[in-house]
There are 2 protein chains.
Amino acid sequence: MTASRALRRAKDVSPATIAKVEAAAASVGYVGNALAQSLSSKRTDLVAVIMPSLTNTVFPEVLAGIAEATEARGLQPVFGLSEYDKQKELKAIRSLLAWKPAAFLVPGVDQLDEAKKLLADSGIPVVQVMDLTDDPIDSCVGFSHRQAGYDMAVALLAKGVTRFGYVGAALERDLRAAKRRAGFAQALEEQGHRFVCEYTVASTATMALGGELMGGVLDQSKPVEAVYFANDDMAAGGVFECLRREVKVPDDVVIAGFNGLEVTDSLPVQIVTARSPRYLMGLTAGELVASNVLDNTPRARRIELEPTLDFGDFH
Amino acid sequence: MTASRALRRAKDVSPATIAKVEAAAASVGYVGNALAQSLSSKRTDLVAVIMPSLTNTVFPEVLAGIAEATEARGLQPVFGLSEYDKQKELKAIRSLLAWKPAAFLVPGVDQLDEAKKLLADSGIPVVQVMDLTDDPIDSCVGFSHRQAGYDMAVALLAKGVTRFGYVGAALERDLRAAKRRAGFAQALEEQGHRFVCEYTVASTATMALGGELMGGVLDQSKPVEAVYFANDDMAAGGVFECLRREVKVPDDVVIAGFNGLEVTDSLPVQIVTARSPRYLMGLTAGELVASNVLDNTPRARRIELEPTLDFGDFH
DNA sequence: CTGAAAGCGCTAACAA
DNA sequence: TTGTTAGCGCTTTCAG
């Protein structure tokens, strides 16, 4: 018992005893057992995190923020992948819940009802990250994707652009990209316009695919002044396609994306984009649960961050 | 006791009982306690994984492979970040070990001696991923970075290129990039050559930095036929810088990188690169520990994968 | 096929 | 300041 207290640096242990215990522990190569510690104390330092994927750079960036914030507070992230599949997400939630995490972070706000119930009933802080809703399970940290799309359209319309093409991929799975598209389309409609053409496919959004679909936009007959891409990866592919065809960006066609990725900044031409605060979202969500768990802070319902519009070379 | 067996679908339980137990569990919303299960059974399904960073796309890709392979076998990844810092790595190893994982995956082969001892003494399968050594803690899965650099130089020399520049960043921390550089330099030396100029800085390797340093190479007076970059991110930045200055790639200068990233493929000009099998490395390492743990397979000492050289537009 | 006993390694609560 | 007792929620082992 004294050893247990000494190793946890509890008070009421004499310095001499602490030293003796630590020396003994070191000499034996003692490694505590977190399973027993948690079972006995009925507390864990685990934070469960689910991400849709790791191949899209956006998610690792959010995860990095989460890991940074939680590890700084001595919490341990455990994670699972949903692969954009709500059933897999449910399974992952169920199996992570068995580890009795101190908090749970999930991507977006569109979980299955069963998953929401599971999380709500768990009694631990739950943060829905990367999107917003008025009716979170517990808390949400992010920004409105619908609004982001809407704002982009309004900004471009204000510059006099009216003939838009749209390029996207896997919108059935990437609900947030679909919301941006919907917001964009709504703004167009409100001002009496609509997409001149849309090129979307079911396969995964990649740069190569962005280039390919941009080719489609350029090949079809209706003139287009700007193309709104599902994200910057695809938009970068679109830029490369323009470079190949010697189509001038943004003079011949304006390329607009979303995220503000590193590629975007290094491109020979700066596209229009909305920079999403990915790392910051992760950091904020991580700190939120850390303070919920460690400081017993009240759970914020809704923390709204904002993407920042960047017109790049388009003036 | 019967309920416990029924939920684990152990044999020697009547179907009727199983059904009854499952119905009861569902109606109560029962969620097992993995802490107690593991403590009691002295087995966990946890796989500890350490990564240097998540902001460099390479690591999430490896992690995705690991997660894919382990989750497919019912194992649960728990992860920590080392931020390229060997001390932080040691701390992460120590705290993850307390969870009594069934296996441990660490990046590279250059852990601190103390960390190696900790892992070796743990008795669980340990896989060093992304690099090779003749003397692994237990097993290693990856390829030789030194060899990769060497091979790249030999291939380029064989094409008659002799005047090389080098661009890199953070080589004190990114040991694998440093090994590639060393292998490259060795091949040069063996054929009586050396880098005409080297531009390296301590800050993090990014596209923007690659462009900046490429500017340095182009601005200095000694002619250079090819530039070897620490990785494709920096190389892409180099390409963009050339585009900006209207320096023709590969006619005026050959750009060589490492990794075979997605950007690389979408660039308007295909650079020379060596494609590293990142996802495959993760998958292989994950499957290795899964079979070690679940099937009691003997631990492979060394699994060598190979990067594939791609000359892109350079013929 | 089902159940009773013991214990995994630790900590909370209380006693000395 | 240190030690004793009980028990966290489960599984292993053995008995019925």
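Letters A, B, ... mirror the listed sequences (proteins, then strands); counts begin at 1. What you see is a predicted model; the values in this text were computed from it and never measured.
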Would you say [X] places a side-chain N or O within less than 4.0 Å of OP1 or OP2 belonging to [N]?
{"X": "Y30(B)", "N": "dC10(D)", "value": "yes"}
{"X": "S40(A)", "N": "dA12(C)", "value": "no"}
{"X": "S14(A)", "N": "dT1(D)", "value": "no"}

Calculate the interatomic distance between [X] atom [atom1] and [N] atom [atom2]; express it in whole Å.
{"X": "K42(B)", "N": "dG7(C)", "atom1": "NZ", "atom2": "C1'", "result": "8 Å"}
{"X": "M1(A)", "N": "dT5(D)", "atom1": "CE", "atom2": "P", "result": "14 Å"}
{"X": "L7(B)", "N": "dT11(D)", "atom1": "CG", "atom2": "P", "result": "8 Å"}
{"X": "L97(B)", "N": "dG9(C)", "atom1": "CG", "atom2": "P", "result": "15 Å"}
{"X": "R5(A)", "N": "dT2(D)", "atom1": "CZ", "atom2": "C1'", "result": "6 Å"}
{"X": "L35(A)", "N": "dG9(D)", "atom1": "CG", "atom2": "P", "result": "15 Å"}
{"X": "N33(A)", "N": "dC10(D)", "atom1": "CG", "atom2": "P", "result": "17 Å"}
{"X": "L39(B)", "N": "dT11(C)", "atom1": "CG", "atom2": "P", "result": "12 Å"}

Between [X] and [Y], a side-chain donor and acceptor under 3.5 Å:
{"X": "T297(B)", "Y": "N292(B)", "result": "no"}
{"X": "R146(B)", "Y": "S144(B)", "result": "no"}
{"X": "Q128(A)", "Y": "Q111(A)", "result": "yes"}
{"X": "T206(B)", "Y": "T204(B)", "result": "no"}

TODO: Have a look at L119(A) and tell me which of D138(A), I137(A), I124(A) forms a side-chain contact (heavy atoms from CB on, under 4.5 Å) with it.
DONE: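 By the side-chain contact (heavy atoms from CB on, under 4.5 Å) criterion, L119(A) pairs with just one of D138(A), I137(A), I124(A): I137(A).
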- [ ] Please check if the side chain of R278(A) supplies one atom and the backbone of N259(A) the other of a donor-acceptor pair under 3.5 Å.
- [x]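 Present.
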Task: Nearest-0.5 Å distance that lies between atom CG in L97(A) and atom CG in N33(B) - done: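 Answer for the CG-CG pair, L97(A) versus N33(B), is 11.0 Å.
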Task: Which residue lies more 5' along DNA chain C, comparing S41(A) with A36(A) via nearest heavy atoms - done: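 It is A36(A), whose closest nucleotide lies nearer the 5' terminus.
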Task: Nearest-nucleotide comparison on DNA chain C, the residue closer to the 5′ end among G32(A) and V13(B) - done: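 Comparing both residues, the 5'-ward one is V13(B).
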Open item on the list: If you assign R8(B) and D12(A) each to the DNA chain D nucleotide with the nearest heavy atom, which residue ends up on the more 5' nucleotide?
Closed with: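 Its nucleotide being nearer the 5' end, the pick is D12(A).
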TODO: With heavy atoms under 4.0 Å as the rule, sort S38(A) into base, sugar-phosphate or nothing.
DONE: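 No contact.
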- [ ] Have a look at the helix from dC1(C)-dG16(D) to dA16(C)-dT1(D) and give the angle its two end axes make, five pairs each, rounded to 10 degrees.
- [x]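 Result, rounded to 10 degrees: 30°.
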